[in-house]
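All remarks here apply to the structure that follows.
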Amino acid sequence: MAKLIDGKVISAAVKERVKQGVAKLNEQGISVGLAVIIVGEDPASKVYVANKKKACEALGIVSEEYALPENTTEDELLSLIKELNAKKSINGILCQLPLPRHLDEKLIINSILPEKDVDAFHPSNVGRIMIGDYDFVPCTPAGIMEMLAYENIEVEGKTCVVIGRSNIVGKPMGMLLLHKNGTVTICHSKTRNLKDICLGADILVAAVGRPKFVTEDMVKEGAVVIDVGIHRTENGLCGDVDFENVSKKASAITPVPGGVGPMTIAMLMQNTLTAAKRQNKIG
Ligand code: NAD
């Protein structure tokens, strides 16, 4: 049976570190602030935003929530972001995605100052991840790297396979593993021989968005398996990995829930602290 990589324990450790970092800044008279913008009524987005606010409060980060109506125009949203870009007490700005269809996501993301872009979606931050010179990393892949480090799972020299090539998970995940000297393959919906490629993986990251997609016959004995997926089913939450059977073969595995999920918010908090430090020329 695989060792469980416990996202609740590891995210608590990250949050404690951030809390101490925020307190240290507060002692120097510096506050840490995060602005969260949400447009429209998407219920899942509302839950995410509420959770982010709660996490901020617990760590001493001042959170400002901007809940805008569904019919907000691009100009209105851009002018709010402009205001927050200039606001000294705000160190991080996050615009909850997805945005309503009439708003150009790319334009909105590009309007956030890169030094306040705590989601690391701005092209300038994406480029910095490519060259390995970055302050912010998208929260989910950053959380996974944190989990591997916490569990002393060495990446160097390992064969790493990432299933999924999204801009927020798959691609940055591949880059981070590469920066740690893993040998990385990124698979996607057009990949041939997916099973064979996965069978070669020492570290397998599933970010496919399909319930129980990774089955035991795709996993090498003793592999480390990281499950990014979250799916609501009749029987509760499940991930992209068939946990029950894969966990019999893997050496370590993240559960769903309680795996990668809790790490994402913790890393957002860490990025916000980093933003505050950089903006105040500390560390
Ligand atoms: P996405 O839909 O943007 O990307 C899915 C990727 O999977 C695509 O690149 C696609 O090419 C690939 N894919 C689809 N079908 C495939 C197939 N048959 N074979 C190989 N590859 C295939 O999804 P995403 O935003 O990267 O998210 C992936 C999953 O992770 C989702 O379940 C999402 O809910 C979850 N997620 C969780 C967190 C968290 O905090 N735990 C954060 C972000 C996303």
Side-chain angles (χ1 to χ4, degrees), residues 1-11 42-48 51-52 96-98 119-121 137-148 150-151 153 160-177 182 184-191 194-195 197-220 223-268:
M1 188 72 185
K3 179 186 190 318
L4 267 196
I5 305 177
D6 190 336
K8 285 190 207 145
V9 169
I10 305 170
S11 65
D42 181 55
S45 292
K46 282 189 154 182
V47 172
Y48 293 141
N51 288 341
K52 286 168 188 174
Q96 187 67 43
L97 303 180
D119 261 338
F121 293 165
V137 183
C139 301
T140 302
I144 292 169
M145 295 311 288
E146 192 73 36
M147 290 176 123
L148 295 175
Y150 187 94
E151 296 292 344
I153 294 167
C160 306
V161 174
V162 179
I163 318 177
R165 59 173 162 186
S166 71
N167 288 333
I168 61 167
V169 187
K171 282 185 207 159
M173 187 73 247
M175 288 311 303
L176 296 187
L177 291 165
V184 180
T185 304
I186 300 181
C187 300
H188 47 80
S189 54
K190 302 283 186 279
T191 296
L194 181 68
K195 181 178 157 187
I197 296 169
C198 291
L199 274 171
D202 301 311
I203 299 174
L204 179 63
V205 180
V208 201
R210 292 174 177 229
K212 301 190 181 182
F213 179 86
V214 175
T215 45
E216 68 194 300
D217 58 327
M218 297 165 75
V219 176
K220 179 165 84 172
V224 172
V225 179
I226 307 290
D227 190 351
V228 183
I230 311 176
H231 309 280
R232 213 166 286 279
T233 71
E234 283 172 359
N235 307 315
L237 290 182
C238 80
D240 286 349
V241 175
D242 175 10
F243 181 86
E244 196 186 332
N245 295 308
V246 170
S247 59
K248 290 176 191 150
K249 238 175 154 184
S251 61
I253 189 166
T254 62
V256 177
V260 174
M263 296 304 297
T264 301
I265 287 190
M267 300 319 288
L268 172 68

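Computation of the quantities below employed the complete heavy-atom set of this structure, encompassing side-chain atoms and omitting hydrogens, waters and symmetry-equivalent molecules.
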*State the CG-CD1 distance between Leu148 and Ile10, to the nearest 0.5 angstrom.*
9.0 Å
*Can you tell me how far the CE atom of Met147 sits from the CG atom of Asp6, to the nearest 0.5 Å?*
7.5 Å
*Is there side-chain contact between Ser11 and Ile265, with at least one heavy-atom pair below 4.5 Å?*
no
*Please examine the side chains of Ile168 and Thr140, heavy atoms only from C-beta on, and report whether any two atoms are closer than 4.5 Å.*
no
*asked:* Taking the side chain as everything from C-beta on, heavy atoms only, tell me whether Leu177 gets closer than 4.5 Å to Met145.
replied: yes
*Residue list, side chain to side chain contact (heavy atoms under 4.5 Å, CB included) with Phe243, at least two apart or on another chain*: Leu4, Ser247, Ile253, Pro255
*Return yes if some donor-acceptor pair links the side-chain N/O of Thr254 with the main-chain N/O of Asp227 below 3.5 Å, else return no.*
yes
*What's the shortest heavy-atom distance between Ala142 and Leu176, and which atoms?*
N-CD1, 4.1 Å
*Between Pro172 and Ser166, which heavy-atom pair has the shortest distance, and what is it?*
CD-O, 3.7 Å
*Looking at Gly182 and Cys160, what are the two nearest heavy atoms and their distance?*
CA-SG, 4.1 Å
*For Pro257, which residues count as a side chain to side chain contact (heavy atoms under 4.5 Å, CB included) partner, sequence neighbours excluded?*
Leu237
*Taking only residues two or more places apart in sequence, or in another chain, which ones meet Lys46 in a salt bridge (charged side-chain N to carboxylate O under 4.0 Å, His left out)?*
Glu41
*asked:* I need the Asp240 CG to Ile163 CD1 distance, nearest 0.5 Å.
replied: 8.0 Å
*Tell me, please, which residues at least two apart from Asp119 pass side chain to side chain contact (heavy atoms under 4.5 Å, CB included).*
Leu94, Asp117, Phe121, Cys139, Leu268
*For Leu194 and Cys187, work out which heavy atoms get closest and say how close.*
CD1-CB, 3.5 Å
*Intermediate values then yes/no, side chain to side chain contact (heavy atoms under 4.5 Å, CB included), Tyr48 and Thr264*: CA-CA 11 Å; Tyr48 293 141; Thr264 301; over 6 Å; no
*After noting the C-alpha distance and the side-chain angles of Asn245 and Lys249, does the key distance pass the side chain to side chain contact (heavy atoms under 4.5 Å, CB included) rule?*
CA-CA 7 Å; Asn245 295 308; Lys249 238 175 154 184; over 6 Å; no
*Distance (rounded to the nearest 0.5 Å) between Met267 CE and Glu146 CD*: 4.5 Å
*Locate the shortest heavy-atom distance separating Val137 from Ala120; write the atom from each residue and the value.*
C-CB, 3.7 Å
_Worked check of side chain to side chain contact (heavy atoms under 4.5 Å, CB included) between Ile153 and Ile5_ = CA-CA 11 Å; Ile153 294 167; Ile5 305 177; 4.0 Å; yes
*Would you say the side chains of Asp217 and Thr215 form a donor-acceptor pair under 3.5 Å?*
yes
*Roughly how far, to the nearest 0.5 Å, is CD1 of Ile186 from NZ of Lys171?*
8.5 Å
In residues 202-214, what donor-acceptor pairs under 3.5 Å come from side-chain atoms, sequence neighbours left out?
{"residue": "Asp202", "atom": "OD1", "partner": "Lys220", "partner atom": "NZ", "Å": "2.7"}
{"residue": "Asp202", "atom": "OD2", "partner": "Thr159", "partner atom": "N", "Å": "2.8"}

*What residues form a side chain to side chain contact (heavy atoms under 4.5 Å, CB included) with Ser45, not counting sequence neighbours?*
Ile38, Asp42, Gln96, Pro98
